[in-house]
Amino acid sequence: MDYLKSLNAAQRAAVEYTEGPCMVIAGAGSGKTRVLTYRIAHLINKGVDPFNILSLTFTNKAAREMKERIGKVVGESEARNIWMGTFHSIFARILRVEADRIHYPSNFTIYDSADSKNLIKAIVKEMALDDKLYKPSVVANRISAAKNNLISPKVYRERAEIMADDEVSGRGKMVEIYAEYNKRLFKSSAMDFDDLLYKTNVLLRDHPDVLHKYQHKFKYLLVDEYQDTNFSQYLIVKKLAALNENLCVVGDDAQSIYGFRGANIQNILNFRKDYPDYKLFKLEQNYRSTKNIVAAANSVIGKNKDQIEKNVWTDNDQGDLIKVNRSMSDNEEGMFVANDIFQDKANLHLKNKDFAILYRTNSQSRAMEESLRKLNIPYRIYGGTSFYQRKEIKDILAYYRLTANPNDEEALKRVINYPARGIGKTTLEKITLQAGASGKSQWGVISEDLDKLPVNGGTKQRLNDFVTMMKSFAVQLETTDAFSLAEHIAKSVGLLRELYADKTPEGLSRYENVQELLNGIKEFSESENPEFEGRKPFLSEFLLDVALLTDADQNDEDDDKVSLMTIHASKGLEFPYVYVVGMEENLFPSQLSLTDRSELEEERRLFYVALTRAEKKATLTYAMTRYRFGQLNHSEPSRFIEEVDAKFLDKPETLENPWEDRSSDFGGNPWGKSNRSTSNSGNSYYRNKSQKQPAKSQPEPTFKAPKNLKKVSQANTATKPPATKPGSIVAGVQVTHEKFGKGKVLNVEGVHPNEKATVFFPSVGQKQLLLRFAKLDVVG
DNA sequence: TTAGTTCGGGTTTTT
DNA sequence: CCCGAACTAA
């Protein structure tokens with residue numbers, strides 16, 4: 001048991017205390033993962049069957065990596081049998097097994113947040129509510145909060161204070177939306193993210209035999225990032241652990257950054273109430289960062305009121321001070337960071353992957369990317385619009401989803417008219433209406449009750465063709481392997497062709513993305529997994545977890561690239577050199593957090609997380625001006641810079657005067673002289689300087705003028721009489737058309753208001769024009 | 001019904 | 001600036 005020797009006293013105690021409840025408070029960089037890994041390895045070495053261990057992590061990637069590390073100690077064949085994954089993926093798996101208990105099919109679809117919001121949007125529209133008031137994001141958050149606190153629509157109605165909240169905000173119909181939303185999910189054989197936890201609670205509550213089964217199965221429970229669990233998750237853990245109480249939770253209250261998602265620090269604080277005889281371990285020695293970084297981070301987090309007392313310290317070197325840099329603009333900030341990386345790399349012989357750039361919001365990546373590209377520094381963005389969120393990927397996945405689960409409403413809406421097949425908005429509305437009235441899904445309506453649908457024959461035919469096509473895919477679900485069917489569908493619906501035809505750079509990348517997805521499915525098809533008993537997996541099996549995959553789960557080629565990501569995404573990671581950019585008021589801390597103490601404290605913890613990612617050196621940067629929604633705005637340095645004890649900062653005097661001449665900063669920068677955008681930024685800086693005021697106060701008159709002009713010209717066209725007088729257009733007359741010029745009417749057919757004229761224009765040839773629309777003037 | 005265009009509004013953070 | 005919704009033209 002060599003691994004025990006590599007642990008310090010506190011770590012070792014936590015690893016060896018295997019029976020009974022315990023909590024490990026793990027300061028940043030204190031070897032938490034190490035403890036978790038060895039604890040599990042230790043359990044297995046002591047004879048615990050891996051099948052009896054459930055370990056819940058925050059990301060699937062963390063689970064994968066931990067399994068790998070455990071495998072190195074106890075052997076891979078043992079490690080693979082541990083139940084390890086995120087709450088969502090583990091309990092989705094269990095829900096599929098036990099689906100019939102809660103009256104769901106086991107192949108239920110998992111709606112991602114975009115699907116949820118679309119459904120909410122549709123419901124708000126159907127209920128004829130004000131979509132400004134009932135914004136999908138607002139409604140989704142409210143429903144999500146309810147579900148995370150195990151409040152069903154029924155309970156919601158009974159809770160006066162919740163209902164009162166809605167009334168006060170003018171959203172009294174919230175609970176009606178919630179109820180309908182759940183109904184529609186069920187009808188679609190779908191669950192949203194929160195349902196995966198909610199329904200697990202229902203399952204364990206209403207089916208004692210099931211609870212019993214899993215209590216026996218999971219004799220040892222571990223929960224990582226416990227500070228980020230919500231009530232729903234807390235209760236699942238509590239129930240599962242109730243029999244054996246071999247529960248070990250690991251976390252750090254100082255790193256709780258998911259309060260907006262319902263995470264509840266109180267879960268940590270309440271642990272002692274649920275398990276009065278619990279054992280507490282504190283990991284306080286930091287192995288990651290320099291003394292300066294640790295002390296600076298401590299000085300920041302000390303400003304928070306709510307926290308568990310601990311003393312994080314380190315034996316590491318003193319290290320560099322934390323550098324603070326001011327730039328004139330967001331672009332210049334990007335240039336500074338890229339330039340700094342470039343120079344450090346050369347001077348200190350570092351690799352790209354030694355650097356990370358962290359920001360509060362995804363939109364900040366752009367300025368960084370541009371600058372890195374200019375210096376040919378390879379980088380990788382984590383998060384952002386994830387691969388699976390891209391339109392082209394969601395479109396094609398929607399076909400697969402609908403094939404596997406025809407009741408999936410969101411999938412059906414996505415593909416029924418894409419690529420365009422003449423089934424428009426009106427038709428879809430009729431289908432939805434009838435689905436609501438009949439209790440059937442939309443698919444049920446078009447596949448079973450098509451003759452009752454009040455649409456014309458052509459539309460009926462097209463709907464029928466669509467149904468026939470989808471059925472032809474469905475029959476192959478269990479005969480054709482995942483890749484073959486996926487490829488067949490992509491080709492035969494014409495999606496691949498349509499994307500291939502688009503030769504714009506964006507179109508090209510869309511096509512490549514779809515190819516990448518197909519490659520992924522191919523890989524999956526050929527993977528050898530005992531679950532599939534020697535045959536190739538089916539497409540439905542590929543779909544099971546796809547909604548739970550995120551960018552962080554993408555294969556992590558050990559490329560030598562600079563990492564760019566949000567601070568949230570950086571949790572649990574570490575890098576020698578870290579830049580925290582956009583250190584500005586209203587950005588970090590976020591504007592939305594300023595009115596609420598607990599939210600501001602969460603922002604501060606976020607800053608703490610950012611700082612403690614750094615091993616050797618941290619750099620904080622902020623810009624005086626920043627583009628937001630395409631508009632230049634003035635910004636102030638973040639209060640968090642002030643909150644770091646000044647003795648840990650390298651904050652040059654020159655920062656005091658924002659308008660001094662800094663043009664020499666550009667001397668010897670690696671961009672060279674020819675680079676236009678460098679000098680562009682310089683120009684904007686000088687322009688600001690000469691006006692001696694920040695750019696924000698400029699009212700931008702030049703911006704508005706053309707807008708007004710446009711409006712005027714629009715009004716003019718609107719007041720023009722609709723050109724064609726009824727009855728004046730007959731075969732033989734000469735006409736003029738705004739675009740096509742002179743022409744001769746050859747024929748007029750159809751009855752009002754659908755008269756269609758065939759007109760010959762010497763300029764463009766023969767045209768069919770609807771008189772109701774076309775502006776035709778009779779000549780003479 | 002569809003395609004093309006304009007308009008308005010949005011930015012936290014993510015399983 | 002960038003997206004989707006709404007509007008407009010055919």
Side-chain angles (χ1 to χ4, degrees), chain A residues 56-62 85-92 110 112-114 116 118 121 125 131-132 135-137 141 144 148 192-197 225 228-230 232-233 257-263 358-364 366 382-386 389 391 417 419-428 455-456 458-459 462 545 547-553 565-571 582 586-593 599 602-603 605-606 609 626-632 707 710-711 714 717-718 722 737-740 756-757 767-775:
Chain A
L56 297 163
T57 58
F58 196 68
T59 62
N60 288 305
K61 188 181 164 201
T86 61
F87 273 89
H88 291 87
S89 59
I90 293 286
F91 294 114
I110 298 170
D112 66 19
S113 342
S116 298
N118 282 338
K121 202 187 287 177
K125 199 166 184 182
D131 60 354
K132 294 261 159 56
K135 279 192 231 166
S137 55
N141 277 336
S144 176
N148 285 333
D192 65 16
F193 284 144
D194 303 316
D195 279 343
L196 296 174
L197 308 174
E225 309 283 8
D228 285 327
T229 53
N230 60 37
S232 185
Q233 293 167 320
I257 54 175
Y258 283 92
F260 70 93
R261 204 169 87 187
L358 308 181
Y359 35 77
R360 178 68 237 270
T361 63
N362 280 305
S363 60
Q364 288 166 257
R366 180 178 276 226
Y382 292 79
T385 307
S386 120
Q389 310 274 20
K391 184 183 176 303
N417 197 34
R421 50 173 74 87
I423 303 171
K425 217 171 59 181
T426 327
T427 308
L428 191 60
V455 293
N456 65 40
T459 307
R462 290 191 286 270
D545 293 327
L548 298 173
L549 295 177
T550 60
D551 248 19
D553 299 320
M565 65 187 85
T566 62
I567 302 168
H568 282 89
S570 77
K571 194 170 76 158
N586 296 330
L587 181 59
F588 190 23
S590 156
Q591 197 166 5
L592 295 147
S593 71
E599 282 183 44
E602 180 152 317
E603 294 283 307
R605 291 192 294 271
L606 197 53
V609 168
R626 180 173 296 278
Y627 274 95
R628 218 179 169 210
F629 303 138
Q631 196 112 33
L632 199 60
K707 241 187 175 173
K710 256 181 213 160
K711 273 202 173 133
Q714 228 174 38
T717 41
H737 182 271
E738 213 176 29
K739 249 190 229 152
F740 307 139
K756 198 190 323 176
K767 290 272 160 196
Q768 304 265 327
L769 301 171
L770 275 178
L771 290 187
R772 160 160 62 111
F773 296 126
K775 287 169 198 149

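Naming convention: chains lettered A, B, ... in sequence-line order (proteins, then strands); numbering from 1 in each chain.
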From CG of A/Leu56 across to C1' of B/dT15 the rounded distance in Å is 13 Å
Under 4.0 Å from OP1 or OP2 of C/dC1: is there any side-chain N or O of A/Ser363 that close? no
With a non-hydrogen cut-off below 4.0 angstrom, is A/Thr426 in contact with a base, only sugar-phosphate, or nothing? sugar-phosphate
Sugar-phosphate, base or nothing in reach of A/Lys391, heavy atoms under 4.0 Å: nothing
Using whole Å, what does the distance between atom P of nucleotide B/dT14 and atom CD of A/Glu602 come to? 12 Å
Choosing from B/dT1, C/dA6, B/dT14, which nucleotide comes nearest the side chain of A/Asp131? C/dA6
State whether a side-chain donor-acceptor pair under 3.5 Å links A/Asn456 with A/Thr459. yes
Could you give the CG-to-P distance, from A/Asn417 to B/dA3, as a whole number of Å? 8 Å
Spacing of A/Lys121 atom NZ relative to C/dA5 atom C1', expressed in whole Å: 8 Å
Go through the structure and list residues passing side chain to side chain contact (heavy atoms under 4.5 Å, CB included) with A/Thr426, not counting sequence neighbours. A/Lys430
Rounded to the Å, how far apart are A/Lys135 NZ and C/dC3 P? 19 Å
Which of the following nucleotides, B/dT15, B/dT14, B/dT13, is nearest to the side chain of A/Thr361? B/dT13
Close side-chain approach of A/Leu197 to A/His88, heavy-atom, < 4.5 Å: yes
Considering every strand and a 4.0 Å limit on heavy-atom distances, what is the contact class for A/Thr86: base, sugar-phosphate, or nothing? sugar-phosphate
If you pin A/Arg462 and A/Ser593 to their nearest nucleotides in DNA chain B, which one's is more 5'? A/Arg462
Give A/Phe588 one of three labels, base, sugar-phosphate or nothing, depending on what nucleic acid heavy atoms sit under 4.0 Å from its own. nothing
Of the nucleotides B/dT1, B/dT2, B/dT14, which one has an atom closest to the side chain of A/Ala420? B/dT2
Ring of A/Phe87 versus six-membered ring of B/dT15: centres under 5.5 Å and planes under 30°? no
Can you tell me how far P of B/dT13 sits from CE of A/Met565, to the nearest Å? 15 Å
Taking salt bridge (Lys or Arg N to Asp or Glu O under 4.0 Å) as the test, write out the residues that go with A/Arg605, two or more places apart. A/Glu602
Under 4.0 Å, counting only non-hydrogen atoms across every strand here, what does A/Asp194 touch: a base, just sugar-phosphate, or nothing? nothing
Provide, to the nearest angstrom, the distance between the CZ atom belonging to A/Arg626 and the P atom belonging to C/dC1. 17 Å
Of A/Arg366 and A/Lys425, the one whose closest DNA chain C nucleotide lies more 5': A/Arg366
Between B/dG10 (P) and A/Asn362 (CG): distance, integer Å: 18 Å
Quick check for you: among C/dA6, B/dG9, B/dT14, whose closest atom lies nearest to any side-chain atom of A/Lys125? C/dA6
Can you work out whether A/Glu603 or A/Phe193 has the more 5'-proximal nearest nucleotide on DNA chain B? A/Glu603
Any donor-acceptor N or O pair under 3.5 Å, side chains A/Ser89, A/Thr86: yes
Phosphate OP1/OP2 of B/dT1: any A/Arg421 side-chain N/O under 4.0 Å: no
Is the shortest side-chain N/O distance from A/Thr566 to OP1 or OP2 of B/dT14 below 4.0 Å? yes
Measure the shortest side-chain to side-chain distance between A/Phe260 and A/His568 over non-hydrogen atoms and say whether it is less than 4.5 angstrom. yes
